Amino acid sequence: MGHWIVVPVVLPAVLAAVLTLAMRHHIGLQRVFSVAGSVALLAVALGLLGHAGTGAIEVYELGNWPAPFGIVLVLDRLSAVMVVLTAALALIVLLYAIGTGWDARGRNFHPLWQFQLMGICGAFLTGDAFNLFVFFEVLLIASYGLMIHAGGARRLKAGVQYVIYNLLGSTLFLFALGTLYAVTGTLNMADLALRAAEIPAGDSALLRVGAMLLFLVFAIKAALLPLHFWLPNTYAEAPAPVAALFAIMTKVGAYAILRFYTLVFGPDLGVTAALIDRILIYGAILTLVVGMIGVLGARRLGRLAAFAAIGSMGTLLVAIAGFTEASTAAAVYYTLHSTLAGALLFLVVDLVRERRGATAGALVPGPRLAQHGMITALWFGTAIAIAGMPPLSGFLGKLLILDATRHMEAVWLIWAAILATSLVAILGLAQAGSVVFWKTTDSADSAGTPPAPQPALPLVACFTLLGGIVALAVFAGPVMRYLEAMAAQLHAPAAYIAAVLGQG
């Protein structure tokens with residue numbers, strides 16, 4: 001693959017610098033180059049996905065320094081899937097931001113957007129734990145700026161809370177890395193897996209501490225209860241395109257749990273075996289329940305979408321907690337679905353808020369919306385996707401998770417939680433939809449006023465996301481075959497280790 005593996009990191013980084021230095025006063029040029037860069041990123045990501053589909057594990061040594069001494073990027077099926085998902089989501093949401101004018105409401109939107117993509121793609125591709133920390137910080141710094149884009153007191157307050165909470169998580173991450181380095185003398189993930197396996201059980205206390213500290217860091221990023229407090233206000237108050245892109249950010253935490261606890265602290269490592277299983281499964285169930293109850297109890301559309309994101313993360317983490325090939329394949333399939341569906345919900349909520357005037361996102365009767373029929377259809381499709389009803393991919397994803405978890409000890413609790421919260425989600429989304437789209441309060445003055453023309457690009461972006469959800473259901477067979485091969489590769493880490501350390 002040559003240098004193609006590093007392109008998803010270098011391309012947005014270079015583009016962000018160019019946008020900042022040469023085009024910061026030209027929003028039109030920023031839009032053109034940002035979209036062109038996103039299209040190129042998606043094309044490269046699809047090429048990497050096709051190559052990873054052959055089963056090859058490709059390693060890129062930065063500066064030609066071999067592992068474990070140098071930093072490496074690693075392409076396998078899992079990282080390729082996540083990079084494609086990031087690139088596709090970013091392009092669609094970027095078009096929405098341009099169509100609605102969100103990108104012009106503040107400064108430096110497009111450079112920050114590209115830096116965010118650099119951090120997310122780097123986190124998925126890196127094969128080094130410290131470099132994972134670096135990419136976490138890159139994406140978080142960019143997200144701080146995007147979070148307060150367009151200003152506002154409530155947005156600034158939520159942004160400050162978000163910064164403080166994530167700085168605490170970053171500090172904990174450094175403690176975890178320091179502990180692991182003190183025990184093993186390395187932070188390369190493949191080398192870390194070998195060194196951890198060589199530590200005698202009697203000397204493994206610090207290794208277990210490091211493993212638990214890392215789990216806490218990733219749980220914060222994945223909004224696992226009770227470490228989810230940063231998410232509701234952050235997602236509810238963030239600009240809609242930013243919140244939609246944030247739908248992939250929580251997946252970085254889930255990805256890191258999956259990567260580390262299959263590669264480094266896998267079930268074959270006796271000193272850390274079953275260390276997080278019970279914590280993760282019961283925490284995930286509580287996250288799912290609290291998230292969907294929050295959907296039912298929300299009084300504003302932004303909060304509803306934020307709690308839906310929490311609930312979807314709970315469902316995803318339930319699947320990851322199985323740590324089997326079947327549950328891993330189901331988890332990644334549900335990751336694809338929930339990322340698209342969560343992003344779509346934030347965009348549809350924004351369409352509603354922008355058209356309701358003073359009523360905005362409050363769940364009280366308001367005026368009839370411009371483009372009422374199409375937005376109603378979008379809400380209906382999004383509600384089906386979020387709740388996991390047939391025939392969309394959310395239904396298939398939940399069926400796959402139910403099937404993959406039927407051999408787990410907590411199977412009845414898992415099934416009851418998933419099925420019951422699906423009903424709760426249906427009730428919450430139906431209640432919100434009936435208030436917004438049915439209980440309208442048109443006045444006599446506005447009844448005969450023709451609606452102002454609305455841009456088509458935001459609706460195109462939303463229907464593209466909905467089309468992606470439909471396609472994920474229609475092509476579930478081929479997608480699952482790829483994901484099953486991905487899960488088999490992930491749960492046989494010897495090939496990954498050999499590729500990174502040059503032992504193959």
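Keep in mind it's a predicted model, so treat the numbers as computed, not measured.
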J.: Treating Arg77 as the side-chain partner and Gly53 as the backbone partner, does any N or O pair qualify as donor plus acceptor under 3.5 Å?
T.: yes

J.: CE of Met389 to OG of Ser422: how many Å apart, nearest 0.5 Å?
T.: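 Here the interatomic distance stands at 9.5 Å.
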
J.: Could you check whether atom OH of Tyr181 has more than 12 heavy atoms from other residues, nucleotides or ligands sitting under 6.0 Å from it?
T.: no

J.: One pair to check against side chain to side chain contact (heavy atoms under 4.5 Å, CB included): Leu140 and Ser170. What are the steps and the verdict?
T.: CA-CA 10 Å; Leu140 287 173; Ser170 297; 4.0 Å; yes

J.: Starting from the C-alpha separation in whole Å, work towards a yes-or-no answer on salt bridge (charged side-chain N to carboxylate O under 4.0 Å, His left out) for Glu409 and Arg278.
T.: CA-CA 10 Å; Glu409 180 182 338; Arg278 288 181 178 273; 3.1 Å; yes

J.: Measure the shortest side-chain to side-chain distance between Pro241 and Leu94 over non-hydrogen atoms and say whether it is less than 4.5 angstrom.
T.: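 Not in contact.
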
J.: Check whether any side-chain heavy atom of Leu419 lies under 4.5 Å from a side-chain heavy atom of Leu402, and answer yes or no.
T.: yes

J.: Between Thr54 and Gly50, is there a donor-acceptor pair closer than 3.5 Å when you use the side chain of the first and the backbone of the second?
T.: no

J.: Should Tyr165 and Phe229 be marked as a ring pair (Phe, Tyr, Trp, His ring centres under 6.0 Å) after you check the CA-CA gap, both sets of side-chain angles, and the distance that decides it?
T.: CA-CA 9 Å; Tyr165 205 90; Phe229 296 111; 7.2 Å; no

J.: Checking Met118 against Leu15 for the side chain to side chain contact (heavy atoms under 4.5 Å, CB included) test, could you report, in this order, the C-alpha distance in whole Å, the side-chain angles of both residues, the deciding distance, and whether it holds?
T.: CA-CA 10 Å; Met118 171 197 171; Leu15 186 56; over 6 Å; no

J.: Do Thr126 side-chain atoms and Gly122 backbone N/O form a donor-acceptor pair below 3.5 Å?
T.: no

J.: If you look only at pairs with a residue in residues 204-227, which of them pass as a ring-ring contact (aromatic ring centres under 6.0 Å, His included), with sequence neighbours excluded?
T.: Phe173-Phe218, Phe218-Phe260

J.: Please confirm whether the backbone N or O of Gly297 pairs with a side-chain atom of Arg299, one donor and one acceptor, at under 3.5 Å?
T.: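 Present.
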
J.: Just how far is it from atom CG of Leu78 to atom CG of Leu125, taken to the nearest 0.5 Å?
T.: 10.5 Å

J.: List the atom of Val84, the atom of Ala45, and the distance in Å for their closest heavy-atom pair.
T.: CG2-O, 3.2 Å

J.: Can you measure from CD (Glu237) to CG (Leu156) and round to the nearest 0.5 angstrom?
T.: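 One gets 11.0 Å once the value is rounded to the nearest 0.5 Å.
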
J.: Indicate the atoms forming the closest heavy-atom contact of Ala417 with Thr421, along with that distance.
T.: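 Heavy-atom minimum between the residues: O-OG1, 2.5 Å.
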
J.: Show, in sequence, the C-alpha distance, side-chain angles and deciding distance for Thr335 and Lys251, and conclude whether the side chain to side chain contact (heavy atoms under 4.5 Å, CB included) test is met.
T.: CA-CA 7 Å; Thr335 296; Lys251 307 306 188 297; 4.1 Å; yes

J.: May I ask you to test the Leu194-Thr186 pair for a side-chain heavy-atom distance under 4.5 Å?
T.: no

J.: If only atom types and distance count, is the side chain of Tyr496 paired as donor or acceptor with the main-chain N or O of Ile57 below 3.5 Å?
T.: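 No; judged by distance alone, with no hydrogens or angles, the pair does not exist.
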
J.: Would you sort out whether Asn188 and Leu501 count as a side chain to side chain contact (heavy atoms under 4.5 Å, CB included), showing the intermediate values?
T.: CA-CA 9 Å; Asn188 178 276; Leu501 299 180; 4.1 Å; yes

J.: Rounded to the nearest 0.5 Å, how far does CD1 of Ile469 lie from OG1 of Thr382?
T.: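 Separation between the atoms: 6.5 Å.
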
J.: Please check: side-chain N/O of His337 versus main-chain N/O of Ala473, any donor-acceptor pairing under 3.5 Å?
T.: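 Judged by distance alone, no pair lies under 3.5 Å.
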
J.: Ignoring hydrogens and geometry beyond distance, is a side-chain donor-acceptor pair present between Ser143 and Tyr162 at under 3.5 Å?
T.: yes

J.: Please tell me whether Phe130 and Phe133 form a close aromatic pair, meaning their ring centres lie under 6.0 Å apart.
T.: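 Yes.
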
J.: At what distance, to the nearest 0.5 angstrom, does CE of Met408 lie from CZ of Phe323?
T.: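 Rounded to the nearest 0.5 Å, the CE-CZ separation comes out at 9.5 Å.
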
J.: Would you indicate whether the side-chain heavy atoms of Lys398 and Ile418 approach each other to under 4.5 Å?
T.: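 In contact.
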
J.: Between the main-chain N or O of Gly169 and the side-chain N or O of Asn166, is there a donor-acceptor pair closer than 3.5 Å?
T.: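 Looks like no, no N/O pair under 3.5 Å.
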
J.: Would you call the rings of His3 and Tyr60 parallel, tilted or perpendicular if under 30° counts as parallel and over 60° as perpendicular?
T.: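 Perpendicular, since the angle between the ring planes exceeds 60°.
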
J.: Given 3.5 Å as the limit, does a donor-acceptor pair link the side chain of Tyr261 with the main chain of Ala321, or not?
T.: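 Checking the backbone N and O of Ala321 against the side chain of Tyr261, no donor-acceptor pair under 3.5 Å is found.
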
J.: For the residue pair Ala158 and Met147, what are the closest heavy atoms and their distance?
T.: CB-CE, 3.6 Å

J.: For Leu91 and Ser38, which heavy atoms make the closest approach, and how far apart are they?
T.: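 Scanning both residues completely, I find the closest heavy atoms to be CD1-CB, 3.8 Å.
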
J.: Tell me, do Pro12 and Trp113 make a side-chain contact under 4.5 Å, heavy atoms counted?
T.: no

J.: With side chains defined as the heavy atoms from C-beta onward, is the minimum distance between Trp65 and Ile71 less than 4.5 Å?
T.: no

J.: Is it the case that more than 12 heavy atoms not belonging to Tyr482 sit under 6.0 Å from its OH atom?
T.: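 Buried by this count: over 12 neighbours within 6.0 Å.
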
J.: State, to 0.1 Å, how close Ala254 and Leu317 come at their nearest heavy-atom pair, and which atoms those are.
T.: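 So the minimum-distance heavy-atom pair works out to CB-CD2, 4.2 Å.
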
J.: Compare every heavy atom of Gly291 with every heavy atom of Ile310, then report the nearest pair and how far apart it is.
T.: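 Distance-wise, the nearest heavy atoms are CG2-CA, 4.0 Å.
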
J.: Would Phe124 and Tyr255 count as a close aromatic pair, with their ring centres under 6.0 Å?
T.: yes

J.: Quick one: does any side-chain atom of Ser79 pair with a main-chain N or O of Asp76 as donor and acceptor, under 3.5 Å?
T.: yes

J.: Within the structure provided, determine whether Thr86 and Thr339 are in side-chain contact (heavy-atom separation under 4.5 Å).
T.: no

J.: How long is the span from the CD1 atom in Ile220 to the CG atom in Leu227, to the nearest 0.5 Å?
T.: 5.5 Å

J.: Answer whether the closest heavy-atom distance between the side chains of Phe136 and Val252 falls below 4.5 Å.
T.: yes

J.: Check for a donor-acceptor pair, side chain of Arg155 on one end and backbone N or O of His149 on the other, with a separation under 3.5 Å.
T.: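 At least one qualifying donor-acceptor pair exists.
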
